[in-house]
Each structure stands twice: as C-alpha cells, then as structure tokens.
Amino acid sequence: MDNFYITTPIYYVNDKPHIGHAYTTLLADVLARYHRLMQTPTFFLTGTDEHGQKVDKAAAERGVDPQAHCDEFVQRFQEAWVKLGISNDSFIRTTEENHKAVVQETLQELFDKDEIYKADYEGWYCTPCEMFVTEKDLVEGNCPNCNREIELIKEAAYYFKMSKYQSWLIDYINDNPEFIQPDFRRNETLGFLNKQDLNDLCISRPKSRLSWGIELPFDSDYVTYVWFDALVNYISGIGYKRDDEQFNKWWPASYHLIGKDILTTHTVYWPTMLKAMGVEQPKTIFAHGWWLIDQNKMSKTDGNVVNPLDLCDQYGVDAFRYYLMAEMSLGQDCNFTEELFIDRYNNDLAGNIGNMLSRVIKMIKPHFDGKIPSPGSEETAEDKDLKEAVLGSVTKMETSIHEMKINRGLEDAVEAIKSCNRYFELTKPWALAKTDTDRLATVLYNAAEALRIVSGLLYPVIPGKMSVLRLSLGLAEDKLEPDFAQLKEWGKLVPGSQTIEMPSLFPRIDTKAKEKEVKKENAKNAKKAENIVELIDIDQFFKAQLKTAKVIEAEAVEGADRLLKLQLEVGDETRQIVAGIAKWYKPEDLVGKTIVIVSNLKAVTLMGVESNGMLLAAKKGKKKLSLITTDDPDFASGASVG
Ligand code: MSP
C-alpha cells in the first residue's frame, strides 16, 4: 500500500482554536492513527498561516513586532493540539525561514518560466477596510463592509497565468473522480469552472499597503499575497526543493482535508499552481461541512463559538473526540448541542462500552481469580454469531476508513458491543456461574475478546480510554496500542492474563444534576443581567415626564394587601395612582407628603382600580423601599423633576 500523507489547512494564527479547527485536525489525527495501526508509513502535517494584514494590524495594536505576536499566538494552537491528543508529525509555520525560502524559489522559477507577469490592476479599493471590492459587491456605490466611499485605483501587480489551465483542470477533474471529494463538491468546482472564464490570479500586494508577507524575489517592492504563500506549506513541509527522498516518500498527498469554505482555493488555485510548477497533483482534496450552533454558523460577533478545550475539561478529551467523529457525516453540516453530546456519551460510551467492560471484569474476578479464563473448544451458535459480528465490524471499519465514513465505522463498532450485550442475555453467565464453570469460562473469554477487538477499532478515536480498557483486560503495556492485523484474528487474548478492575471507564453524566446546574447558572445570569446598566440616550430619558405630587388621600385597595390607592394633587390637576407600597407605608403616613411621579404613563387598571402614573421610590431588593420626596414647599405639587 502507498504511504499515507495527510494535511489540515494551516489556521490563521490570530484565531482562537474553536470546534471547527479542532474538527479538521482531529479528523486528520484519527485517519493518521488508523493508517499507522495498519502499518502504513504515515505523515501528518498541520500548522499556522501567519502572514497578512490582520496579523500585522493585531500586532501593531498590541505594540509588538508581528513575528513576536505570531510566536505568542501560535502557542494557542500548539497547546490545544497537545491537549486534544493530536499526533501530528510536524507543525509548519509560514514564517519559518525554510518555508519562506521555498515560496521564493517557487515564485522565481514560475517567473522565469513566464508563468507570472506584471500588469496594471484596476479596482475599487476601500482604504479604511484595506481591501479591493468587486463592482458587483458594491452597495449603492459604497463599500459593502463599512458603507464608506471607495476609490478606483490603478496599480501594477503580479499575476499567475491561471486562466491558461482552465480546460486542462476541467479534464483532470473529470478524469480523476477521486481528486475532489465528496462528489457533490467536485460538481461544485466543475460548475464554477464551466460557468465562467477563469481569470489570472493576482499574487502580489505592494509593500506600501502590506508589509507582513514574503517578499517577491524578483521585485522587492512587493510581497506575495496569502494563498501563494499558504498553499505551498503542503510541499515545503515535507522537503520540497530540499530533500528529494523525503519529498518523494510523501508526495503526492493522500488527503488535503479542508472545510467547504476553502474549496476554490484548494481545487482551482492549488492544482493550477502545481501544474505550472510541474509537480504531481494530490490524490484527494476532501471538503467537510460546517459545525453549526443552533443551525447557525459560529461567529465571534454572535458569541456562539464553542471552545473545544472547555468541553474537554468538562467531559474529558476522549468523550470530545468521540462525539465529533461519531456525530458528523463527512461532507455534511452538523449541528452541535451539548444535549446530543451528553446523549452520545451516556448511550455509546457509558451505557455500552464502559458497562460491558465492567460486567466482564466483575465476573472474571470471583470466578477465575481475576484471570482471563481458558475457553473450551466447542463453539455454540451464539459464540459463532458474536465472533461474526465482532470480526465483521473490523472489516466494516476498514471500508469506512477508506470511504471516509468514520461515523459509520464507529456505529458498527458500537453495534458489535451491543451484540456482546445480547450474547450475555442469551448465554446468561450469572446462571452459568452456578451450574457450568467451563461454559462460563468460554462465555467470559469471548466477551473479553470482543472487547479487545472493539477497543482496538476505537483506539484511534479514543486512545486514552481504550488504553485503560486494554490494560484492564490484562494486555501487556506494549499491546495497549493495537496492531490492526491482530484485530482480524479471534483468540489473541492470552488466558491466564491478570485483569485489573478500574474505576468506571465512562461515568454516566447525571442529566438531572446537569439540568439543575444549568438552572442555577441561568438564575445567576438573570441576577447579573438585573445589575447590568443599559445605557440610553438623553432624549430617551426625557421622554419620561417626572413631576412632584402631593398626597391628599391614601387608602388600602380591597383584596390586595400590597397595594395602596393614592389621590394626588399635581399642579391644578388631581389624579389617582395605585402603588405596591403597602408593606412599607401606612396610608395615614403618606397624606401630606410630596412625592415624585412619572406623569405621562398610559393608564392601567390594577385589581380593578385605575392608576394614572407611577411613583418613584428607592429600593433595596425586595426588602426595603423609600419614597423619593421633597420637603421644600416651593415644589409641593406639579413641579417638573429632571
Ligand atoms: N489560513 C486559511 C487556510 C490556508 S490552507 C493552505 C484558513 N484558515 S482558518 O483559520 O480560517 O481555518 C479554516 C479551516 O478551519 C476550515 O477550512 C475548516 O477546516 C476549519 N473550520 C473553521 N470553521 C469551521 C466550522 N464551523 N466547522 C468546521 N470546520 C470549520 O482558512
């Protein structure tokens, strides 16, 4: 089998790793791990995209040099990947000297081959946003981003002759159906290519506008614009132009994993660049869908970005890895919710795998002194069925990996454990314990063997917990990481091995307690919200008319022990107000006082009594209340307050 080389997009260094970045990286990790178990030489590359305006701006705002800024921010990704157990073989940063030099050499070569040329670029440019806007995107002639005026500017720029490869690319995609996956994404790219003439690709920015980039080797007034820099990482990261042996070992890549947002750059720019460079095409560019939150795209402004590290802290890395891999059908969008996360955890991990392990270990302990028993040589129909189901799940997993349907492979593995549960129901080991120790030995051996195999299948997704499971089954330390070939053989577990009883592998998440916690949290937030001061404009404040009013009469409202009915003199006018102040004031104490009211409120009826306004009072929660009053006779009634 060919060597396996897998890549992720390199992430913008300014970003904070979120569930979307985590997903692509995890997917690459899981595929790399499966291939390693299959003894396929594997190389897994991820990294960060560090040049460009945003980085430059962010660094300037913090008053640091852009390189220092990158050196600091890259750690967020590196630390996150360590925490998520990502097994990348290398981490590339586009600010590394080697990468920059390879980009420059590539550019020079293409320039010398006449694949790059200089021409005037004319376009609408928004100076505040620092970007070009195409004519069709203008909003009433203004920038669609900030709505300000934009200018038509003309400047010299460098272009890569992308357009000349259009028909070659269409043919290549048609001839190589595995090149862009899934199929509907291939059609998307073909649709794009068939619909319009491809333009040449502008690959430069003048240094006067963007200095944080790789300088063009043939014109020091320019830097290369993002994609020509970023895409090259896939080859500079494995020795392109430096180490032919290494490069030829890994290239062409087996998979470039990407999100659907960067399909065109990877399936149009990159193949034409490679073609011009005379480099072979990657085997497959695979675009997965989006993780959505409440069916919406995550966005910083909406504040609905899921931080993967929080979930790991709360539920464990393995639970997080399992959820992401099991929940998303590759290629489709997928909605993230914590309830689904907990459901999956409780059903698949706690209820199935964890539970089966604890049943097996708990029975082996008293009846076989904690040692894996020796199975008998006779095989019943139930034994056969179990074996078939479990070994079948190995073949299915292999197919699922090659078809990029990991969620299906995981479903099959969980199904195999369900067969094991059924096997217990049919063979009733708890009854055999009293009647037939030999048969009990076979049943427990088979169940343990099923767990050995399924744990091997799940290992690339949940390596931590599956190591514990395998240790618990008495496997030697050097067998904790499985060998895929051994999962295809029944009977590898060695009788007599000492099993170990461990604390519950996947303790159930108590949803009731969780609900309580959520309620408590909500109440806390509501309280906080109460204290948040909403800022209003002055004219909003002046909409309310505040006046002084003298209490002429006051009495309780029948049937409402909180309410008092007040007759007030407001200048020349008399009006009635109902107020919930009976707990703090007796009617007789109020008569003669001058209070403050909102005089332009619409009338309401409280307990059948009309109220024309509202009085003002200072409050301390629900415990204390004091009316706002004045004792200056000049303001006794009808004076405006503000
Ligand atoms: N730097 C470029 C890529 C250059 S590759 C030569 C870039 N970086 S990014 O930081 O914006 O990361 C984009 C990638 O993150 C997506 O292609 C996808 O792999 C992943 N995701 C970002 N948000 C996502 C979701 N909401 N859901 C799933 N994955 C998404 O673009």
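Each ligand, and each atom within it, is numbered from 1 in the order the structure gives. Along the sequence shown, the residues carry numbers beginning at 1.
Between H21 and F77, the distance from one ring center to the other falls under 6.0 angstrom. Here the two rings, on F341 and Y315, have centers that are under 6.0 Å apart. Residues H402 and Y34 place their aromatic rings such that the two centres sit no closer than 6.0 Å.
Evaluation of the side-chain hydrogen bond (donor to acceptor under 3.5 Å, both in side chains) rule for T272 yields no partner, not counting sequence neighbours.
What sits closest to atom 7 (C) of ligand 1 on the protein, heavy atoms only, is Y12 CE1, 3.4 Å. Looking only at heavy atoms of the protein, atom 22 (C) of ligand 1 is closest to H18 CE1, 3.5 Å.
Within the structure, ligand 1 has H266 among the residues with a heavy atom less than 4.0 angstrom away. The closest approach between W227 and ligand 1 falls below 4.0 Å for a heavy atom of the residue.
Remark: ligand 1 atoms within the under-4.0 Å shell around heavy atoms of D15 are 10 (O). Per-residue contacts place D49 under 4.0 angstrom from the following atoms of ligand 1 (heavy atoms of the residue considered): 1 (N), 2 (C), 4 (C). Those atoms of ligand 1 that come under 4.0 Å of a heavy atom in Y234, given as number and element, are 5 (S), 6 (C). Near I262, the atoms of ligand 1 lying under 4.0 angstrom from a non-hydrogen atom of the residue are 17 (O), 31 (O). Of all atoms in ligand 1, numbered sequentially from 1 with element shown, those under 4.0 Å from a heavy atom of D261 are 13 (C), 16 (C), 17 (O).
One option in G289, G259, A230 has a heavy atom closer to atom 28 (C) of ligand 1 than any other, and that option is G289. Counting heavy atoms only, I10 comes closest to atom 3 (C) of ligand 1 of the residues I10, D229, I293. Of the listed options V13, T265, T24, T24 places a heavy atom closest to atom 19 (O) of ligand 1. Residue W290 holds the heavy atom nearest to atom 24 (C) of ligand 1 of all those in W291, W290, Y11.
Judged by a 6.0 Å distance limit and a 45° cone about the ring axis, R209 is positioned over the six-membered ring of Y125. No cation-pi contact links K249 to F43, judged by a cut-off of 6.0 Å to the six-membered ring centre and 45° from its axis.
By the criterion of a heavy-atom distance under 4.0 Å, neither the backbone nor the side chain of L292 is placed next to ligand 1. Contacts with ligand 1 closer than 4.0 Å are made by no heavy atom of Y23, backbone or side chain.
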Check: residues 320-327 side-chain donor-acceptor pairs under 3.5 Å, at least two apart:
from, atom 1, to, atom 2, distance (Å)
R321, NE, V461, O, 2.7
R321, NH1, D29, OD2, 3.1
R321, NH1, L84, O, 2.7
R321, NH1, G85, O, 3.3
R321, NH2, D29, OD2, 2.6
R321, NH2, P460, O, 2.9
Y322, OH, D348, OD2, 2.7
E327, OE1, R344, NE, 2.5

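Using modelled atom types, one side-chain atom of D243 and one backbone atom of E245 make a donor-acceptor pair closer than 3.5 Å.
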Inset, instruction - Could you walk me through whether Y121 and F132 pass ring-ring contact (aromatic ring centres under 6.0 Å, His included), step by step? - result: CA-CA 11 Å; Y121 183 90; F132 281 99; 4.7 Å; yes
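Here the OG1-CD distance, from T224 to E215, works out to 11.5 Å after rounding to the nearest 0.5 Å.
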